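Here it is, the structure in full.
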Amino acid sequence: MEIRRATTVGELVAGRHLYDSPARPEWAERFLAAPGHLMLIAYVEGAPVGFVSGIEMLHPDKGVEMCLYELSVDEPYRRRGIGRALSEALAEIARERGCYDMWVGVDTDNDPALATYRAAGARDEGHFAMLTWEFSTP
């Protein structure tokens, strides 16, 4: 397995089977151009089998932290340590960039995700509620 940072629209679109919805080239281009946005892709024999996306978040009184925005591993490649390796790779980049921490929102009943993040060094910080505002998508 090899983990590389995605730097082209083609790399992002090639992993479309890993996303919740089809990738749009114009959104992929915007993602790559946005400061602090990054995606790492795991490859097995040259094919994308997983990804993790991260977003640096900056606040005037806290500095920079990394949000692990999304993690996905293709079904046939799960339970092989790929999710953990992707999470660890993102954490390493966060450290290199001077982030004071990295966090992820995860459903409390998503045992596979919780196990993956804990194996990669995350610790529980208690209960967390995520509230959303939904807007229509163009």
Side-chain angles (χ1 to χ4, degrees):
M1 178 194 52
E2 177 185 12
I3 296 175
R4 296 191 313 255
R5 181 171 179 188
T7 58
T8 68
V9 171
E11 289 172 298
L12 294 180
V13 173
R16 65 185 155 273
H17 62 288
L18 301 169
Y19 304 136
D20 297 326
S21 302
R24 291 187 176 180
E26 65 271 18
W27 289 353
E29 188 172 328
R30 187 173 169 189
F31 178 90
L32 291 171
H37 286 60
L38 63 136
M39 184 174 294
L40 304 176
I41 301 176
Y43 295 89
V44 172
E45 297 179 8
V49 299
F51 78 86
V52 65
S53 59
I55 302 170
E56 287 181 348
M57 302 174 76
L58 175 64
H59 199 273
D61 73 332
K62 294 174 183 65
V64 182
E65 65 182 335
M66 181 68 70
C67 168
L68 188 159
Y69 185 75
E70 189 169 3
L71 173 70
S72 175
V73 176
D74 201 9
E75 185 73 39
Y77 295 92
R78 292 182 184 167
R79 302 195 56 81
R80 297 184 188 189
I82 294 171
R84 183 188 73 242
L86 285 163
S87 299
E88 290 171 344
L90 182 62
E92 183 58 31
I93 290 172
R95 280 188 211 89
E96 290 169 2
R97 292 179 173 211
C99 294
Y100 69 89
D101 75 1
M102 183 170 89
W103 63 276
V104 62
V106 61
D107 292 327
T108 56
D109 63 349
N110 188 338
D111 293 330
L114 290 168
T116 297
Y117 298 135
R118 287 175 179 143
R123 61 177 166 66
D124 294 337
E125 293 223 356
H127 297 287
F128 179 82
M130 180 180 233
L131 309 175
T132 61
W133 286 257
E134 291 192 26
F135 307 112
S136 63
T137 320

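Small disclaimer: the values here were computed from a predicted structure and weren't measured. The figures that follow rest on heavy atoms only: side chains count, while hydrogens, waters and symmetry mates do not.
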Practice task
Identify the heavy atoms of E11 and R5 that sit nearest to each other, and give their distance.
Solution key: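 Smallest heavy-atom distance, with atoms named: OE2-O, 4.1 Å.
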Problem - Verify same cluster id: L90, I3 (apolar side-chain graph, 4.5 Å) - result: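 Same cluster.
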Handout entry: Minimum heavy-atom distance M57-C67, with the two atoms named
Key =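 Minimum heavy-atom contact is SD-CB, 3.6 Å.
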Practice task
Could you tell me whether the side chain of M102 reaches within less than 4.5 Å of the side chain of Y117, counting heavy atoms only?
Solution key: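 Not touching, per the 4.5 Å side-chain cut-off.
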Practice task
For the pair D20 and E70, evaluate side-chain contact (heavy atoms from CB on, under 4.5 Å) and give the outcome as yes or no after the intermediate values.
Solution key: CA-CA 10 Å; D20 297 326; E70 189 169 3; 3.3 Å; yes
Exercise for the section: Specify the closest pair of heavy atoms between V106 and L114, including all atoms of both residues, with the distance to one decimal. Expected result: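 Closest approach of V106 to L114, heavy atoms only: CG1-CD2, 3.5 Å.
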Problem - H37 side chain to S53 backbone, donor-acceptor under 3.5 Å - result: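 Side chain of H37 to backbone of S53: no pair is present.
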Problem - Pairwise side-chain contact, M39 with Y69, heavy-atom cut-off 4.5 Å (strictly under) - result: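 M39 vs Y69: side chains apart.
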Practice task
Report yes if the side chains of M66 and L38 come closer than 4.5 Å at any heavy-atom pair, otherwise no.
Solution key: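 Yes, side chains in contact.
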Handout entry: Check: T116 and V73 side chains under 4.5 Å, non-hydrogen atoms
Key =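 They are not in side-chain contact.
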Problem - Heavy-atom check, side chain of L12 versus side chain of Y19, under 4.5 Å - result: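 Counting from C-beta outward, L12 and Y19 do come under 4.5 Å.
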Handout entry: Expected output: side-chain R16 to main-chain V13 donor-acceptor under 3.5 Å
Key =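 Looks like yes, one N/O pair under 3.5 Å.
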Exercise for the section: With rounding to the nearest 0.5 Å, note down the distance linking CH2 in W103 to CD in E65. Expected result: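 Those atoms lie 7.0 Å apart.
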Practice task
List the atom of I41, the atom of A6, and the distance in Å for their closest heavy-atom pair.
Solution key: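 Between these two residues, the closest heavy atoms are CD1-CB, 3.8 Å.
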Practice task
Identify the heavy atoms of G36 and R97 that sit nearest to each other, and give their distance.
Solution key: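 Minimum heavy-atom separation between G36 and R97: CA-NH1, 4.2 Å.
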Practice task
State, yes or no, whether a side-chain contact exists between E75 and R78 at a heavy-atom distance under 4.5 Å.
Solution key: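 A side-chain contact exists here, since the closest heavy-atom pair is under 4.5 Å.
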Exercise for the section: Please say whether more than 12 non-hydrogen atoms of neighbouring residues, nucleotides or ligands are located less than 6.0 Å from CD in E2. Expected result: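 Result for CD/E2: enclosed.
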Handout entry: Heavy-atom side-chain proximity of H17 to P48 below 4.5 angstrom
Key =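 Answer yes - side chains close enough.
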Exercise for the section: Determine whether V49 and R80 make a side-chain contact, defined as any pair of heavy atoms from C-beta on separated by less than 4.5 Å. Expected result: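 Side chain of V49 against side chain of R80, heavy atoms only: no contact under 4.5 Å found.
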Practice task
Pick out which of V44, L18, I82 makes a side-chain contact (heavy atoms from CB on, under 4.5 Å) with D74.
Solution key: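 By the side-chain contact (heavy atoms from CB on, under 4.5 Å) criterion, D74 pairs with just one of V44, L18, I82: L18.
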Exercise for the section: Please report the shortest heavy-atom distance between V52 and L86, naming the atom on each side. Expected result: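 So the minimum-distance heavy-atom pair works out to CG1-O, 3.5 Å.
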Practice task
Please lay out, stage by stage, how L71 and V104 fare under the test side-chain contact (heavy atoms from CB on, under 4.5 Å).
Solution key: CA-CA 10 Å; L71 173 70; V104 62; over 6 Å; no
